[in-house]
Protein chains: 2
Amino acid sequence: MPSDPEYLAGAVDLLGILAYGALTAFERLAEDARTAPTLADKVQIAQLAARQIDHFDRVSERVSQLDSDVMTAMRPFHAPFDAFHAYTAPKDWLEGLLKTYVGDGFAADFYREVAAFVDADTRELVNEVLANEPHADYVVARVTEAIRADQRVAGRLALWGRRLVGEALSQAQRVAADRDALTSLLTGTVDRPGLDLAAISRMFTRLVERHTARMARVGLQA
Amino acid sequence: MPSDPEYLAGAVDLLGILAYGALTAFERLAEDARTAPTLADKVQIAQLAARQIDHFDRVSERVSQLDSDVMTAMRPFHAPFDAFHAYTAPKDWLEGLLKTYVGDGFAADFYREVAAFVDADTRELVNEVLANEPHADYVVARVTEAIRADQRVAGRLALWGRRLVGEALSQAQRVAADRDALTSLLTGTVDRPGLDLAAISRMFTRLVERHTARMARVGLQA
């Protein structure tokens, strides 16, 4: 177990974000499964939902190994995640699907970025969670199909994608401002090297670029 | 792969029931998770929901091994399961919890009874699914606690439990009447030994007895 208390606090914060993110993603996907247009879609979305609980369980186990409690670790992130989901409630199944695609993709990119700053065991966990994402193809196929079937859908979904990322970034900013230990995980401390502000800004640029590529993949302008 | 076509049809029916049962249990549990009174309850119920998808995935894989398609295998059971859930929509979180307890318990007992009549690979699958049920303790504790906190709850839940089993048996009867291959899995054929009508009736008696014991465990009269 890593012993630097500030590092530990940052790592537990990060795991708290992953855990609560997975739990709220489960809820959202379960709701999408309920309104899926076909039983085959329902199955696919239910499988995605179940995978979020698998992520939650793995993260939760890692939090215990760090002598913390997952319920406590998640608490600081209830407000930002709940606000994000409240501000981005999908109007229909297709918006829900794009939210899954954009949200999971963004989350995965973020995991990749922070994996460099955590201890080896936590990094391994993050990589396992990332490796476990075989369903993106289904989401891509379904969104692409819907856009092809009705071109007017594209404009609406493009706007929706922008709104999702805008809200995500605004909540991320709120978290960064509130959680010093988490921020110092990225920026480093006297004893631990980290990113300077320019490097953090480049990281955000990369996240937005990857989001743009992801939108392009389904034929949407970011 | 077993070659007797009537046996195969019965086994695929059975797997179709398990698959669609798991899928509808997922939906019900996801809805319960949404209305859970605390985040800790939400986590527990979400984990139960995710486990149903794990069951679905295993059953689905076995259906493929038997050269059938799970979507097709589930189709005959949409109507009875959907009717069961429509007639037993929980009024509150506690009724949902008892439905989980009674429903999963009843399903597990039914799996145990039919496991004797299927091929070794399918039996192994059934046993794996049964072994994977560590959460009953949580449900028992929560229901017992709610009854202790308010004795009037007991009468209402006892009635509710009776209604659940009544509806389940009525839908089971409908399935048995409709699906000859499934019924002959239990009753046997000229070439394969099975249960006679008296033995099937004893099986139903055992299922009801175990339900009674399950209700007694949470302090409810069946």
Side-chain angles (χ1 to χ4, degrees), chain A residues 15-16 18-61 63-64 69-79 81-82 85-86 89 96 129 132 134-135 138, chain B residues 15-16 18-61 63-64 69-79 81-82 85-86 89 96 129 132 134-135 138:
Chain A
L15 293 167
L18 302 190
Y20 199 67
L23 205 56
T24 56
F26 165 83
E27 288 208 272
R28 175 174 51 75
L29 286 162
E31 177 64 24
D32 289 347
R34 209 175 59 79
T35 59
T38 71
L39 189 62
D41 288 312
K42 194 187 286 283
V43 166
Q44 291 275 354
I45 299 292
Q47 286 169 331
L48 285 174
R51 187 157 294 115
Q52 295 294 334
I53 295 303
D54 181 51
H55 294 178
F56 173 86
D57 289 341
R58 283 157 190 259
V59 169
S60 175
E61 197 188 357
V63 172
S64 304
D69 168 60
V70 74
M71 302 308 287
T72 313
M74 294 192 293
R75 202 162 298 144
F77 310 107
H78 294 184
F81 272 102
D82 293 352
H85 287 300
V129 166
N132 194 11
H135 279 259
Y138 158 78
Chain B
L15 293 166
L18 301 190
Y20 199 68
L23 204 57
T24 57
F26 165 83
E27 288 208 274
R28 175 173 51 75
L29 286 162
E31 177 65 22
D32 290 347
R34 210 175 57 78
T35 59
T38 72
L39 190 62
D41 287 314
K42 193 187 286 282
V43 167
Q44 290 275 354
I45 299 292
Q47 286 169 330
L48 285 173
R51 186 156 296 116
Q52 295 294 335
I53 296 303
D54 180 53
H55 294 177
F56 173 87
D57 289 341
R58 284 156 188 259
V59 169
S60 176
E61 195 188 357
V63 172
S64 304
D69 168 60
V70 74
M71 302 308 286
T72 313
M74 292 193 293
R75 200 161 299 142
F77 309 108
H78 293 185
F81 272 100
D82 293 351
H85 288 298
V129 166
N132 192 12
H135 279 259
Y138 158 77

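Lettering of chains follows the sequences in order, A, B, ..., and the numbering in each one begins at 1.
Minimum heavy-atom separation, B:Gln47 to A:Asp57: NE2-OD1, 2.6 Å. Nearest approach of B:Arg34 to A:Glu27, heavy atoms of both residues: CA-OE2, 3.7 Å.
Looking at A:Leu23, only its side chain comes within 4.5 Å of chain B, counting heavy atoms on both sides. Only the side chain of A:Ala49 comes within less than 4.5 Å of a heavy atom of chain B; its backbone N, CA, C and O stay farther away.
Chain B forms more heavy-atom pairs under 4.5 Å with one residue of A:Ala30, A:Ala46, A:Ala40 than with any other, namely A:Ala46.
Taken to the nearest 0.5 Å, the CD1 atom of A:Ile45 stands 11.0 Å off from the CD1 atom of B:Ile53.
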